[in-house]
Every structure is written in structure tokens, then in C-alpha cells.
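Quick caveat: nothing in here was measured; it's all calculated off a predicted structure. Residue numbers begin at 1 in each chain, while the letters A, B, ... track the order of the sequences.
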Protein chains: 2
Amino acid sequence: MQPSRPRPRIRDVARAAGVSETTVSHVLNNKGRVEAATRARVAEVAERLGYRPNSNARGLRSGRADTIALLMPIVDLDATHHILAVDFYLSLTMNVVEAAFERDQALLQLPPLRRLDDLRRFGIDGGIVVDPLPSDPRVAMFDRLGLPVVTIGRDIAHPGDHWWVAADSAAGTLTVLDHLAAAGARRVAMLSVDIEWSWFADAERAYAEWTARHGRPPMLVRARPDKLDSSAAEAAGRLLDLEPDAVYVPPQWLATGLLRATRERGLSVPGDLLVSVGVDSHQARTSEPALTAVDLDPARTAREAVDLLISRIEGRPPQAPRVIPITLLPRRSTAAITRRA
Amino acid sequence: MQPSRPRPRIRDVARAAGVSETTVSHVLNNKGRVEAATRARVAEVAERLGYRPNSNARGLRSGRADTIALLMPIVDLDATHHILAVDFYLSLTMNVVEAAFERDQALLQLPPLRRLDDLRRFGIDGGIVVDPLPSDPRVAMFDRLGLPVVTIGRDIAHPGDHWWVAADSAAGTLTVLDHLAAAGARRVAMLSVDIEWSWFADAERAYAEWTARHGRPPMLVRARPDKLDSSAAEAAGRLLDLEPDAVYVPPQWLATGLLRATRERGLSVPGDLLVSVGVDSHQARTSEPALTAVDLDPARTAREAVDLLISRIEGRPPQAPRVIPITLLPRRSTAAITRRA
DNA sequence: ACTCTATGCAAAATCGATTTGGCACCACAA
DNA sequence: TTGTGGTGCCAAATCGATTTTGCATAGAGT
């Protein structure tokens with residue numbers, strides 16, 4: 001490994017090709033008027049020298065960083081890994097990266113930001129905040145710096161804001177509930193969590209409306225968002241005490257806890273209890289029994305979020321909010337109830 | 001939302017504070033000689049205007065991007081999500097982001113790169129490639145551009161390379177095997193996958209040595225790395241045909257497949273078969289039964305990788321390779337065999 | 001032959017921050 | 001008074017690419 005020689009500059013390419021820096025720039029950016037032969041020669045030299053334009057210089061000139069930031073959800077630190085341990089977020093991330101790349105943007109992944117200065121440091125054109133809390137301080141930081149920002153999920157404290165992309169949690173909930181009812185469930189409960197994300201808020205509201213409309217007793221249990229393993233067990237216990245015959249449980253970690261609780265009580269799924277989870281994952285597919293899940297379409301969500309952010313950066317009016325349609329993935333955990341016939 | 005006024009430049013701060021740009025720069029970077037009163041006034045003005053240094057200009061001057069890239073593993077596209085659907089990678093990513101941030105580096109997440117030009121576009125000082133394949137083309141791209149690169153996991157085709165960080169897969173394997181033997185297992189098998197990562201290669205080699213040393217029959221089955229759900233089922237079937245009483249299975253998705261196969265054959269874990277997986281995860285903790293797993297310490301791995309990369313960027317000699325010690329997390333899936341007494 | 005236009009290329013300005021070198025001023029000593 | 005050293009601040013050079021402007025030259029049109 002030789003002591004890496006300094007990177008070639010545009011000047012070096014120009015000299016080696018016997019032309020001006022201007023011409024090299026024109027060739028590399030497909031602009032200006034350059035003879036085909038010169039063009040080819042310059043391109044060849046640039047390739048041979050391994051020339052790579054300095055993106056700082058380029059960005060300085062063009063006034064854009066061509067870089068956007070991604071901020072993953074923050075919750076109680078201990079809980080973060082549990083909550084994010086679902087491949088939805090992995091898939092979302094990969095798809096945001098890919099979508100940004102296709103739009104010629106680099107994707108900076110940011111850690112939880114503590115102070116405004118933390119954000120100042122980065123050379124970005126805008127950011128995507130995933131699962132904002134009410135009046136999320138991270139969104140406020142972007143606003144404060146005049147940086148464009150969009151969210152994946154809605155800030156439930158700011159109904160006027162339009163710059164968001166979110167899966168249709170309410171529709172997803174109704175689809176699940178109808179599916180459970182069609183499978184024969186009478187006492188349909190919901191197991192949620194006390195985190196103020198629009199995903200949960202919308203699901204709970206839809207559940208309330210659905211039970212009211214169908215004249216069913218609402219059975220909603222919320223888990224505390226800390227010490228997740230134990231709070232899942234505790235909440236699952238409270239829920240089972242209500243003796244439901246079907247449950248819609250949005251987050252995967254709660255579904256896992258609920259399944260464990262049913263096993264401990266000797267209940268069978270789907271025999272005694274139908275269970276549907278609100279996000280698809282490898283865990284849902286391979287659990288025993290396989291869990292009926294809602295496909296939140298992380299790929300499309302990612303693409304729309306990147307597109308919306310770029311719109312905002314370029315000052316175009318919001319074609320927003322953007323609601324992503326969901327689909328139900330029925331699996332064995334909600335197989336039709338027959339024993340009640 | 002007003003049409004966001006242009007960001008203040010250092011010039012605006014200088015004018016508003018009645019000093020030169022030089023002085024503003026000195027204040028903001030804690031350099032030079034500036035009277036305390038002036039210093040305070042400039043700082044106040046900068047804060048009030050929401051001044052944020054243009055990182056392109058700064059980077060241009062300093063010659064560094066203060067940005068490093070992270071490249072996640074690539075495998076057959078269909079399989080990627082299955083393989084990465086384990087919180088190890090999520091945790092690794094978050095920790096790399098955090099570690100980079102603490103070292104004043106921004107973290108660019110890159111998509112799978114197809115061409116050299118894909119990499120040229122980004123303004124980075126170096127990169128971290130996770131789970132390199134033999135003679136990994138992504139590593140080659142970095143080399144080709146003279147960009148510092150380190151890997152998490154070793155390129156098994158380049159034994160001379162030192163710029164890597166990896167969990168001690170061999171030691172982890174021996175620990176697991178000893179643990180299984182201590183629990184009473186006689187016929188210890190290994191279920192691996194045909195992917196040429198050092199994690200698997202080292203584990204298989206350690207397994208071969210261990211069986212030879214203990215005079216046990218080696219029972220190694222490799223799954224094909226495509227169509228993961230079906231190939232897991234197929235490989236698990238082949239393995240169970242060998243009638244082992246314990247299995248070490250590094251990847252989580254294979255362990256999931258193996259558990260399903262045991263259920264279908266009416267085998268109980270740990271009653272008839274001890275199972276240990278090679279990476280810890282939420283799935284391993286919450287599966288039924290909970291799976292004994294190897295803690296690969298993604299937090300430390302991430303930190304060491306970032307540190308090693310910065311060393312290389314700054315031209316320091318490699319304090320490398322860096323082998324991360326592992327620990328075993330015994331759970332119910334390897335509870336001691338008593339029925340054989 | 002003589003203008004006119006299009007073409008190929010280059011010189012110089014520009015983006016915004018950092019850094020070097022130096023000027024003016026003051027206090028103090030010789 | 002004159003030097004000496006330290007302090008506080010600023011002008012200008014600099015980083016590397018892009019873009020504007022301009023200047024030759026060649027070829028076309030009259």
C-alpha cells in the first residue's frame with residue numbers, strides 16, 4: 001500500500017490532456033462546446049488518472065450540498081432497539097438510501113440530536129424525520145435553521161402541516177378489524193402503546209369509531225413505552241383479562257409479548273384468539289403461527305418521502321400530504337373461527 | 001411558511017457585529033486573538049442570525065469532507081432483506097452513526113454500488129464495508145480511487161490485509177461447541193450457509209478443528225444462499241436426517257427455519273435437540289424456546305471500525321486487525337440434557 | 001475578396017470559509 | 001524619546017470546481 005499520492009485535481013487532468021481546466025469541466029459535465037476528439041481524449045485521461053471531482057468545491061459553486069439527512073425515531077433509549085428491531089425500519093432506510101441515490105442525493109444518517117449546534121455541523125439541503133413526536137424538537141431544529149424537512153408519519157400536534165408522508169393507518173386498522181369480524185370475531189380488542197405517533201393515534205381513533213359504528217364494546221389496552229419486555233407482558237395480561245376473541249396489535253414487539261402470554265395461559269392462536277399485527281416483518285412471517293400483518297410498503301413510503309423533500313428543497317408547492325395505501329397480508333393467526341358455529 | 005430567506009453568510013454576521021470576517025471565523029473556531037467582549041458579541045450575533053457555516057466552503061479549505069461512508073452487506077437481492085432482518089445490523093448501523101458523530105464525522109449510507117462512477121460522486125474521506133465478499137468489488141473501488149477503507153469482517157481471499165475489524169467467530173464457535181458438549185451433547189452438528197464471509201468461514205474451520213480434536217464425526221450442512229425460506233427448510237431437513245443432538249447455526253434466519261423443521265418433525269428443543277445461534281437478536285430472545293446466542297457486540301465493533309478508519313485516513317499505522325471478543329448468552333434452547341443420564 | 005457566423009477553447013470571476021501575514025496601537029523599559 | 005513586545009483586528013490569498021465572457025480561427029454566404 002503506497003503512501004497514497006494526493007488526488008488528481010482538475011488542473012492535473014487539464015495539463016495531462018493538454019487543454020484548459022474549463023474544457024475538462026465541460027467534458028465531465030457534458031456542457032459547452034468541445035470537439036468530439038478532444039472530448040474523448042479528456043475523458044480517457046480523467047479515467048486513467050482516476051480523477052474524482054472534489055464535491056466540496058462543486059457544492060460550493062453550485063450552492064447545494066446534494067445531501068439529505070435521515071433521522072430515525074427516538075424513544076426511551078432502552079426501548080429504541082426493541083422498537084426498531086423490526087425490518088420495516090431497515091427496509092425503510094435502505095429504500096431511502098436507494099431513492100436518494102437515484103435522485104442524485106447522498107444520504108446522511110444522523111444520530112439523535114441533542115442541541116441545535118449538532119445539526120448545524122452538517123452540510124445538508126434538508127432532512128427526513130421518521131415518526132415525529134408531537135412538536136418534535138428535531139423538526140423544530142430544522143425549522144429554526146430554515147432547512148426543509150418532511151416527516152414520515154404525522155406530527156399529531158400540528159394538524160396544519162402538510163409536509164408528511166404516512167401509511168394509511170386508519171384504513172389499515174379498519175381493514176384489519178373488518179377482516180377479524182369476517183373471520184367470526186365478536187369481541188375485538190386492540191393492544192396499543194402509549195407513544196404519540198400518528199400511526200398509533202390514527203389506529204386507536206379508527207378502532208374507536210369502528211367499535212361505535214358496530215355497537216361493540218371498545219377494549220383498548222395501552223402498554224407503557226418503557227422496559228418493553230415487561231410492559232408488554234403486563235399489558236398483554238390486562239388485555240387477556242378482558243377475554244377478547246381477536247386482537248389488533250400494531251407494533252411487532254407487543255405482538256410477540258401477546259403470543260407469549262397466550263402460550264402461558266394455554267390459549268391457542270388462532271383457535272381461541274385471532275391476532276393481527278400492524279406491520280409486516282420477518283418475525284411476523286416466521287412466527288408460530290404466522291401472523292396476519294399490514295404491509296406498510298416501506299419502499300413506496302421511502303420514495304415518496306424523498307420526492308416530497310426534494311420538492312420542498314426546490315421550492316415547489318406541496319403535493320402533500322401523501323398517504324400511502326396499505327394492504328392486508330392474511331396469515332394463519334387469523335384463520336376463520338369455526339368452533340363457534 | 002415564508003419563502004425562506006437565504007442563509008446568512010459569515011459576511012452578514014461580520015457586518016452585523018461590526019467586525020471583519022476573519023474575526024467571526026476566529027470566534028467561531030476558537031482561534032486567533034479576539035477580545036473577550038468582541039468574542040461574546042460576535043457569538044451572540046451569530047446565534048441570533050442562526051448562522052451555520054457552509055460545510056462545502058469549510059471542507060474545501062480544510063481539504064477534508066469529514067464524512068465517511070457505510071456500505072451494508074450485499075447478497076442476492078431477494079435474500080438481502082432476510083439476512084439483514086436481524087437487529088445486529090440495525091444496531092451496528094446506529095452505533096456507527098453515533099461513533100462517527102462523536103469523532104466529528106458525518107455518516108453517509110451508500111446503496112449497493114454498481115460502477116466506479118457511483119462512488120466518485122460522493123464527497124467522502126473513506127468508507128466502511130460490512131461483510132466483504134472475497135475480493136469485494138466495493139473494496140476494490142475504494143482502493144482504485146485511493147480512498148481509505150476498512151471492513152467489518154475479513155476478506156477471506158486477502159489474508160495479508162490488516163484493515164479490518166471482526167468479532168472472534170472462531171472463539172465464539174468454540175465457546176458454543178464447548179457449551180453444547182458440557183450440556184451433554186454427543187452428536188454436535190453445524191448448519192451454515194454458502195456465503196463466503198469470514199464469519200461463516202472461520203466458524204466452519206473452528207468446527208472442523210473442534211470435531212477432529214474431540215474425535216467426533218463432523219456433521220456440516222450448508223444452505224444455499226438463495227430463496228432463503230425454502231433453502232433453509234431444505235438444509236434443515238438434510239441436517240436433521242443426520243440425527244444430531246445439538247446444532248450450532250450462525251445465522252438467525254437458518255435458526256428460524258431449523259426450529260420450524262423440528263416442530264414439523266415433532267422434535268422438541270431443547271429436549272431432543274440443543275440449538276444455538278451465532279448472533280443475538282430480538283428474535284432469538286423472544287423465540288420459543290429462547291435461543292442461546294453469541295453476543296457479537298455490535299456497539300464495540302462499530303466504534304472500533306470508525307476508529308480504525310479514521311486512523312487510516314490520518315495516515316497512522318494500523319493498530320489492526322482488531323478482533324472483538326464475544327460472549328455467550330445461554331438460554332433455554334441449550335438447557336442441559338438430562339434424559340440421557 | 002470581405003463580411004458574418006459558428007465553433008473550439010481559454011482566462012478570469014465566482015462560491016464561502018479559513019489562514020497567513022501584517023498593521024496599528026498600547027504599555028513598558030531603556 | 002525610542003525601541004520592544006504583546007494585543008486586537010483586518011486584508012488578502014487560498015482551497016477546487018463551475019460558469020461567464022471573450023478571443024481566435026475556420027468556414028459559409030454575398
Side-chain angles (χ1 to χ4, degrees), chain A residues 5-43 45-46 49-67 104 117 120-125 145-146, chain B residues 5-43 45-46 49-67 104 117 120-125 145-146:
Chain A
R5 75 186 69 257
R7 262 173 45 194
R9 308 301 174 193
I10 199 171
R11 182 188 313 121
D12 305 312
V13 177
R15 271 208 268 270
V19 295
S20 75
E21 304 180 20
T22 310
T23 301
V24 175
S25 173
H26 281 159
V27 169
L28 266 41
N29 297 286
N30 249 320
K31 292 187 175 168
R33 294 176 305 222
V34 184
E35 206 181 0
T38 312
R39 202 173 274 281
R41 181 161 43 93
V42 170
V45 170
L49 297 186
Y51 171 72
R52 182 160 66 90
N54 179 312
S55 80
N56 281 131
R58 169 190 295 223
L60 175 57
R61 186 62 238 248
S62 69
R64 288 187 41 169
D66 283 334
T67 301
D104 283 324
D117 284 341
R120 275 195 226 281
R121 291 211 333 230
F122 300 102
I124 53 179
D125 296 329
L145 295 182
Chain B
R5 74 187 68 259
R7 261 174 42 195
R9 308 302 175 192
I10 199 171
R11 183 188 311 121
D12 305 312
V13 176
R15 271 207 269 271
V19 295
S20 75
E21 304 181 19
T22 307
T23 301
V24 175
S25 173
H26 281 160
V27 169
L28 265 43
N29 296 288
N30 249 320
K31 292 187 176 169
R33 294 179 302 225
V34 184
E35 206 182 1
T38 312
R39 203 172 272 281
R41 181 162 42 95
V42 170
V45 170
L49 296 186
Y51 170 73
R52 181 160 67 91
N54 179 312
S55 81
N56 281 132
R58 171 193 294 231
L60 175 57
R61 188 62 241 251
S62 70
R64 290 187 40 170
D66 284 334
T67 301
D104 284 323
D117 284 340
R120 277 195 224 281
R121 291 208 335 228
F122 299 101
I124 53 178
D125 296 328
L145 296 182

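When all heavy atoms of B:Ala65 and B:Gly123 are compared, the closest pair comes out as CB-O, 3.3 Å. In this structure, B:Tyr51 and B:Arg9 approach most closely via the heavy-atom pair CE1-C, 3.5 Å. Here the shortest heavy-atom pairing between A:Asn56 and B:Asn56 reads ND2-ND2, 3.1 Å. Here the closest heavy-atom approach between residue A:Asn54 and residue B:Leu60 is recorded as ND2-CD1, 4.4 Å.
For the helix from C:dA1-D:dT30 to C:dA30-D:dT1, the rotation axes defined at the first and last 5 base pairs enclose an angle of 60°, given to the nearest 10°.
A:Asp125 places a side-chain N or O within 3.5 Å of a backbone atom of A:Asp66 that can act as its donor or acceptor partner. Within the 3.5 Å criterion, the main-chain N or O of A:Ala36 finds no donor-acceptor partner in the side chain of A:Thr38. Between the side chain of A:Arg64 and the backbone N or O of A:Gly59, no donor-acceptor pair lies under 3.5 Å.
For the segment residues 58-66 of chain B, residues with any heavy atom less than 4.0 angstrom from an atom of DNA chain D are, sorted by number, B:Leu60, B:Arg61. For the segment residues 20-28 of chain B, residues with any heavy atom less than 4.0 angstrom from an atom of DNA chain C are, sorted by number, B:Thr22, B:Ser25, B:His26.
For the pair B:Arg33 CZ and C:dG22 P, the interatomic distance rounds to 13 Å; values are reported in whole Å. Rounded to an integer number of Å, the gap from A:Arg41 CZ to C:dC9 C1' is 11 Å.
Contacts of A:Thr23 classified as side chain to side chain donor-acceptor pair (under 3.5 Å), with partners at least two apart in sequence or in another chain: A:Ser20.
Residue contacts for B:Thr38: at a heavy-atom cut-off of 4.0 Å it reaches the sugar-phosphate backbone alone, with no base atom in range. Contact annotation for A:Asn29: backbone-only contact, meaning every heavy-atom pair under 4.0 Å involves sugar-phosphate atoms and none involves a base.
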Could you tabulate the donor-acceptor pairs under 3.5 Å formed by side-chain atoms of residues 26-34 of chain B, not counting sequence neighbours?
| from | atom 1 | to | atom 2 | distance (Å) |
| --- | --- | --- | --- | --- |
| B:Asn29 | ND2 | B:Ser25 | O | 2.8 |
| B:Asn29 | ND2 | B:Ser25 | OG | 3.4 |

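For the pair A:Ala57 and A:Glu35, nearest-nucleotide mapping onto DNA chain C gives the more 5' position to A:Glu35.
Here chain B contacts DNA chain D (any atom closer than 4.0 Å to a heavy atom, that is under 4.0 Å), and the contacts span D:dT7 to D:dG16 from 5' to 3'.
Distance check, rounded to the nearest 0.5 Å: OG1 of A:Thr22 to CD1 of A:Ile10 gives 8.0 Å.
Taking side-chain N and O atoms only, B:Lys31 has no distance below 4.0 Å to OP1 or OP2 of C:dT18.
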Inset, instruction - Might you work through the side chain to side chain contact (heavy atoms under 4.5 Å, CB included) test for A:Val19 and A:Val24, ending with a clear yes or no? - result: CA-CA 7 Å; A:Val19 295; A:Val24 175; 3.8 Å; yes
